[in-house]
Amino acid sequence: MTSPIRQVHRHPLAAQAAQLLLSRIRAGEWPLGHRIPGETTLAAQLGVGRSTLREAIRELAGKGVLESRQGAGVFVTATDVTEDWDTVLRRTTIATVVEARIAIEAEAAALAATRRTPADLRDLRRTLAARGVPGQSVPEHVDADMAFHRAVIAAAHNEVLLQLFDAFLPRLRPAMIEMLKIAPPGTFSESADHACHQELTEAIAARSPEAAAAASRTHLTALMESFT
């Protein structure tokens, strides 16, 4: 079903034309991979000049929604504008972030158990020891903990997983610090928490993907439940 044809009435014309084109794409008028109508047709429908329409198409092309192909026309390459990580993470809850971490880190732990090198194992044991140092401030403990988890993902030797984890850190770190500062006494058992990390390290050292994934999932699930 096509959406009603609307025309642009206010400035800036190109930005409004881009928004109206995007609205029609979102409504399914032009599915993914399909060519949109020619300049003359669209310019008349939107009530703008062809130069304004070209500018609108360039704007949507820059956002990955449209693609101009020489001699073939303009095609839909995405049905919506992808938000950047910062925007998404500012809006989401910490529990949601931890859910995503479970999906990423459990798989990364299994891969690390298969792919880890002696150097990776040394990094894991070093960061594990650093997170267990007595007398750490809350920010120091959180930073040491994040370094350990990053070492696990680095041992998986998958750059995409590592970049996804790094994208979560700006949202996760301040929330973890705040949570640990205000948590009532007894909420967290440092010895039990450290034991979970030791178990994960030993599973990776033993090259046991199943045990490593289970240890990662158990620890992060407990962390998520502490936020809810």
Criterion side chain to side chain contact (heavy atoms under 4.5 Å, CB included) on Asp166 and Ile153, from CA distance to verdict: CA-CA 10 Å; Asp166 286 345; Ile153 297 176; over 6 Å; no
Please examine the side chains of [Y] and [X], heavy atoms only from C-beta on, and report whether any two atoms are closer than 4.5 Å.
X: Arg126; Y: Arg122; answer: no
X: Phe165; Y: Arg150; answer: yes
X: Arg24; Y: Leu42; answer: yes
X: Gln136; Y: Val133; answer: yes
X: Arg116; Y: Leu124; answer: no
X: Val152; Y: Asp120; answer: no
X: Phe75; Y: Ser68; answer: no
X: Leu169; Y: Met146; answer: yes

Do Leu46 and Val76 belong to the same hydrophobic cluster, where Ile, Leu, Val, Met, Phe, Trp and Tyr are linked whenever their side-chain heavy atoms lie under 4.5 Å apart, directly or via other members?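 Linked within one cluster.
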Is it true that Ile177 and Phe148 fall in one hydrophobic cluster, defined by side-chain heavy atoms closer than 4.5 Å?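 Ile177 and Phe148: separate clusters.
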Which distance, rounded to the nearest 0.5 Å, do you find between the [atom1] of [X] and the [atom2] of [Y]?
X: Arg50; Y: Thr40; atom1: CZ; atom2: OG1; value: 4.0 Å
X: Arg125; Y: Gln198; atom1: CZ; atom2: CD; value: 9.5 Å
X: Leu128; Y: Asp123; atom1: CG; atom2: CG; value: 12.0 Å
X: Thr218; Y: Glu199; atom1: OG1; atom2: CD; value: 7.0 Å
X: Leu162; Y: Ile104; atom1: CG; atom2: CD1; value: 10.5 Å
X: Thr52; Y: Ile57; atom1: OG1; atom2: CD1; value: 11.0 Å

Closest heavy-atom contact between [X] and [Y]?
X: Ala212; Y: Ala110; answer: CB-N, 4.4 Å
X: Ala56; Y: Ala18; answer: CB-N, 3.5 Å
X: Leu161; Y: Leu111; answer: CD1-CD1, 3.9 Å
X: His157; Y: Thr117; answer: NE2-CG2, 4.0 Å
X: Ser216; Y: Ala106; answer: OG-N, 3.6 Å
X: Thr201; Y: Leu121; answer: O-CD1, 4.5 Å

Let's go through Glu55 and Leu13 carefully: what are the C-alpha distance in whole Å and the side-chain angles of both, what is the deciding distance for side chain to side chain contact (heavy atoms under 4.5 Å, CB included) to 0.1 Å, and is it a yes or a no? CA-CA 9 Å; Glu55 187 178 343; Leu13 292 178; over 6 Å; no
[X] bridged to [Y] by N-O distance under 4.0 Å:
X: Glu99; Y: Arg101; value: no
X: Arg173; Y: Asp143; value: yes
X: Arg131; Y: Asp193; value: yes

Go through it in stages, so that I can follow the logic: the residues are Ser137 and Glu140, the test is side-chain hydrogen bond (donor to acceptor under 3.5 Å, both in side chains), and I'd like the CA-CA distance, side-chain angles, deciding distance and then a yes or no. CA-CA 5 Å; Ser137 67; Glu140 287 171 341; 3.3 Å; yes
Hey, which of Leu220, Leu200, Val98 is the one that makes side chain to side chain contact (heavy atoms under 4.5 Å, CB included) with Glu105?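 The side chain to side chain contact (heavy atoms under 4.5 Å, CB included) with Glu105 is passed solely by Leu220 among Leu220, Leu200, Val98.
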Check: [Y] main-chain N/O paired with [X] side-chain donor or acceptor under 3.5 Å:
X: Thr77; Y: Gly64; answer: yes
X: Thr221; Y: Arg217; answer: yes
X: Thr41; Y: Pro37; answer: no
X: Arg35; Y: Val74; answer: no

Does Trp30 form a side chain to side chain contact (heavy atoms under 4.5 Å, CB included) with Thr79? I'd like the steps, not just the answer. CA-CA 9 Å; Trp30 305 304; Thr79 56; over 6 Å; no
Describe, in one word, how the ring planes of His149 and His219 are oriented to each other, choosing from parallel (under 30°), tilted (30 to 60°) and perpendicular (over 60°).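 Answer is parallel, since the angle falls under 30°.
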Show the numbers, then the answer: is there a side chain to side chain contact (heavy atoms under 4.5 Å, CB included) between Glu67 and Arg69? CA-CA 6 Å; Glu67 179 183 59; Arg69 299 174 187 171; 2.8 Å; yes
